[in-house]
*Asks:* 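This is the structure I have questions about; it appears just below.
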4 protein chains.
Amino acid sequence: MNKEERIIESAIDVFLEKGIEKSTVSEIVKKAEIAQGTFYLYFDSKLSVMPKIAEVMVVKMLNELSKNVSGETIEEEIKSVIDIIFTLTKEYKSLTTLIYAGLTQTQYVGDWEKIYAPLYHFIENLLIVRKENGETRETLNTTFTSKILFGSIESVAEQMYLYDDSSEEKANEYKEELLKFILHGI
Amino acid sequence: MNKEERIIESAIDVFLEKGIEKSTVSEIVKKAEIAQGTFYLYFDSKLSVMPKIAEVMVVKMLNELSKNVSGETIEEEIKSVIDIIFTLTKEYKSLTTLIYAGLTQTQYVGDWEKIYAPLYHFIENLLIVRKENGETRETLNTTFTSKILFGSIESVAEQMYLYDDSSEEKANEYKEELLKFILHGI
Amino acid sequence: MNKEERIIESAIDVFLEKGIEKSTVSEIVKKAEIAQGTFYLYFDSKLSVMPKIAEVMVVKMLNELSKNVSGETIEEEIKSVIDIIFTLTKEYKSLTTLIYAGLTQTQYVGDWEKIYAPLYHFIENLLIVRKENGETRETLNTTFTSKILFGSIESVAEQMYLYDDSSEEKANEYKEELLKFILHGI
Amino acid sequence: MNKEERIIESAIDVFLEKGIEKSTVSEIVKKAEIAQGTFYLYFDSKLSVMPKIAEVMVVKMLNELSKNVSGETIEEEIKSVIDIIFTLTKEYKSLTTLIYAGLTQTQYVGDWEKIYAPLYHFIENLLIVRKENGETRETLNTTFTSKILFGSIESVAEQMYLYDDSSEEKANEYKEELLKFILHGI
DNA sequence: CATGAATGAGAATTCATTCAT
DNA sequence: AATGAATGAATTCTCATTCAT
């Protein structure tokens with residue numbers, strides 16, 4: 001692993017453990033086992049590592065999505081999308097929160113959408129294929145809908161895992177409800 | 001305005017302008033026109049102002065909700081709820097983001113739900129009245145639904161105002177779509 | 001002595017001892033027996049103390065000039081001016097060099113003249129009085145001449161003390177030569 | 001241009017632009033387009049470039065002096081010396097200041113005279129020739145006088161160009177005055 | 001209660017210098 | 001000879017916090 005990657009991985013660890021405010025460059029370099037000065041060869045400051053962290057996370061999420069989303073019908077496929085996003089949210093909730101917080105602190109809130117774009121695109125491509133296949137209504141705006149779809153699933157998933165520590169059972173009820181809504185919507 | 005209120009208002013301004021990380025107690029007291037030491041008579045630290053800020057925001061949001069939500073039928077009422085939440089999101093989006101970021105940094109993420117509780121309650125009370133009136137399905141879980149409802153509206157509204165700078169026209173399309181979904185869901 | 005004065009005095013000591021480049025704020029505050037942070041309440045940086053040091057030196061030089069310059073005739077008075085400037089140069093040569101170096105480093109070279117202005121004025125006032133008294137030529141431009149006079153005396157004195165470590169005897173030869181020149185010139 | 005020359009030229013640029021204190025080896029090598037480590041093959045430190053810079057400047061000044069100083073009589077020759085020193089001062093004033101500052105910082109102030117020695121010698125040689133020719137008084141100490149001469153001209157020239165941004169007209173008045181003084185002195 | 005000058009621990013940052021390539 | 005990434009000691013600078021007034 002090269003120095004830059006070492007810094008990013010270490011920064012993720014430290015940020016997750018201490019929160020952004022309490023994290024220091026000293027600790028990041030210590031964990032990365034590089035010299036203090038080396039950090040500044042790659043990044044300007046603690047917060048400027050954030051976009052790279054976001055990138056890393058989106059790549060991981062995209063990987064899992066493309067590996068796991070599948071289905072014969074649109075219903076099966078959407079069901080699988082919901083499952084994956086619930087799983088991803090569970091796994092990366094802290095990291096997501098972290099990035100979100102990091103971006104809000106640096107006036108890069110606007111970048112949030114840009115960072116998420118590849119994920120929206122993934123969903124949109126699914127929709128485009130299904131639309132060409134006649135499985136959705138003719139009037140469907142795929143760009144528009146990809147965001148609603150992702151946003152609504154994520155918002156419910158977050159509420160489940162981020163704040164609630166809800167049971168698996170409850171999660172399943174939520175998932176079914178969501179599936180109905182989405183299928184009706186498209 | 002007493003000193004404590006002056007601090008809170010000033011902290012909101014400074015946090016919004018500089019982000020939490022770059023904000024300092026010095027700047028907050030300067031804007032509040034009080035002495036450095038006075039801050040510590042009221043608060044322990046920069047971040048300990050956060051809950052008070054959240055309180056202030058929720059009170060403002062509740063005020064606007066109870067002042068403006070009304071309607072003869074459930075459809076009219078939900079329409080009005082959607083309108084208000086879109087308006088509130090637009091007005092308080094930065095502040096919401098700020099509080100959210102502040103809480104994530106202090107491991108108080110869990111408090112997010114507690115802070116939002118009064119808003120959920122407001123929605124829940126609407127649903128309870130309408131359910132007793134026979135305007136919803138018998139099986140409706142009002143607690144459960146109040147969160148889904150608030151969450152989904154807010155998630156769309158945020159996407160509109162926080163990341164998109166979307167047009168009013170587009171917002172209206174979104175609102176209609178949301179209204180249909182919610183009416184169907186309850 | 002207040003904190004600012006303590007910093008200035010200490011800065012003079014440290015700069016003289018170590019040179020500007022090798023001097024550190026840490027050492028200045030240590031010698032001044034104040035806290036590190038206190039320094040930054042009064043000055044922005046190491047070099048920003050320089051103008052204040054210059055002021056201090058000019059005040060000292062003016063004091064000695066006005067205390068010691070005197071004479072019945074213009075010849076006696078100029079002789080006394082030469083003596084004093086030689087003495088001052090000897091005493092403050094390091095400090096002068098220091099300030100000069102400090103100013104060249106901060107693009108404030110132009111301030112050099114401003115700092116010296118009070119000294120030039122002192123000389124000019126002597127000339128004005130003597131001119132009114134008819135002891136100089138009618139066409140003498142006092143402003144102009146005050147600078148030539150000061151400059152030439154100082155230039156010789158510097159060469160004596162700054163680079164030469166010349167003998168007292170040699171210095172006296174120089175002084176006599178200078179006196180002749182100046183009396184002739186005015 | 002070989003690496004060492006590249007370093008010297010680059011160092012002059014950087015020192016002039018940023019001042020010695022704020023100049024870094026990194027910037028010097030960057031401007032010289034050589035590697036960081038290469039600097040240390042030729043110089044020990046930032047300040048150790050200073051003597052070489054001084055050498056370069058003195059060579060340039062001597063060149064211009066020997067190219068341009070000429071005259072049938074001693075009056076013409078001194079006039080030409082004054083002109084050249086004024087011109088040189090104008091051209092190299094920043095560089096001179098820089099070297100002077102650099103030397104003061106390294107306790108090599110004493111080297112100043114050594115660096116200037118070739119210039120003093122140039123003047124002294126002129127005086128020796130003229131003295132042998134009977135154009136000066138018999139008692140003239142040429143070594144002694146070469147320094148006074150150079151010093152007084154330079155001191156006035158500096159005051160003109162370094163601090164004053166004076167007009168060409170004023171400069172000419174000064175030059176005439178100086179010429180009279182010098183001719184009388186020798 | 002209120003003040004604000006002073007503190008000093010600790011974080012950010014720089015930069016001369018090295019050394020494996 | 002030349003390179004330039006990496007180093008880490010040294011410094012600057014910040015800022016929460018205190019306390020005498």
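The basis for the numbers below is simple: all heavy atoms, side chains too, and nothing from hydrogens, waters or symmetry mates.
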*Asks:* Are C:Lys46 and D:Glu21 ion-paired here, with the side-chain N under 4.0 Å from a carboxylate O?
*Replies:* yes
*Asks:* CD1 of A:Ile99 to CD1 of A:Ile53: how many Å apart, nearest 0.5 Å?
*Replies:* 6.5 Å
*Asks:* What is the distance, to the nearest angstrom, from the CG atom on C:Leu47 to the P atom on F:dT11?
*Replies:* 15 Å
*Asks:* Can you pull every protein N or O that's under 3.5 Å from an N or O on nucleotides 7-11 of chain E?
*Replies:*
{"residue": "E:dT7", "atom": "OP2", "partner": "C:Ala35", "partner atom": "N", "Å": "3.3"}
{"residue": "E:dT7", "atom": "OP2", "partner": "C:Thr38", "partner atom": "OG1", "Å": "2.6"}
{"residue": "E:dG8", "atom": "N7", "partner": "C:Gly37", "partner atom": "N", "Å": "3.2"}

*Asks:* Charged N to carboxylate O under 4.0 angstrom, B:Glu27 versus B:Lys18?
*Replies:* yes
*Asks:* Classify A:Asp44 by what it touches in the nucleic acid, base, sugar-phosphate, or nothing, heavy-atom distance under 4.0 Å.
*Replies:* sugar-phosphate
*Asks:* Can you check the D:Phe43 CZ to E:dT18 P distance for me, whole Å?
*Replies:* 17 Å
*Asks:* Output the distance between atom CG (B:Leu62) and atom CG (B:Leu88), rounded to the nearest 0.5 Å.
*Replies:* 9.5 Å
*Asks:* Over how many whole Å does the gap from D:Glu4 atom CD to F:dA2 atom P extend?
*Replies:* 11 Å
*Asks:* Taking only residues two or more places apart in sequence or in another chain, which ones pass side-chain hydrogen bond (donor to acceptor under 3.5 Å, both in side chains) with A:Lys3?
*Replies:* none
*Asks:* How close or far is atom P of E:dA12 from atom CD1 of A:Ile28, stated in whole angstroms?
*Replies:* 8 Å
*Asks:* Answer yes or no: does atom CG of C:Asp44 have more than 12 heavy-atom neighbours from other residues, nucleotides or ligands under 6.0 Å?
*Replies:* no
*Asks:* Only Watson-Crick and G-U wobble pairs, only distances under 3.5 Å, only runs of 3 or more: what stems does that leave for DNA chain F?
*Replies:* E:2-21 with F:2-21
*Asks:* Checking D:Gln36 now: which residues fulfil side-chain hydrogen bond (donor to acceptor under 3.5 Å, both in side chains) with it, not counting sequence neighbours?
*Replies:* D:Ser26
*Asks:* What integer distance in Å separates C:Asn2:CG from E:dA6:C1'?
*Replies:* 13 Å
*Asks:* Between C1' on F:dA16 and CD on B:Glu21, what's the gap in Å once rounded to a whole number?
*Replies:* 14 Å
*Asks:* List in chain and number order the residues that pass side-chain hydrogen bond (donor to acceptor under 3.5 Å, both in side chains) with B:Tyr42, two or more places apart in sequence or in another chain; answer none if no residue qualifies.
*Replies:* none
*Asks:* Whole Å only: how far is the CZ atom of B:Arg6 from the C1' atom of E:dC1?
*Replies:* 14 Å
*Asks:* Return the set of residues passing salt bridge (charged side-chain N to carboxylate O under 4.0 Å, His left out) with A:Lys52 (not counting sequence neighbours), or none when no residue passes.
*Replies:* A:Glu4
*Asks:* Would you mind reading off the distance between A:Lys22 atom NZ and F:dC15 atom P, rounded to a whole angstrom?
*Replies:* 15 Å
*Asks:* Which residue lies toward the 5' end of DNA chain F, C:Ser45 or D:Tyr42, if each is placed at its nearest nucleotide?
*Replies:* D:Tyr42
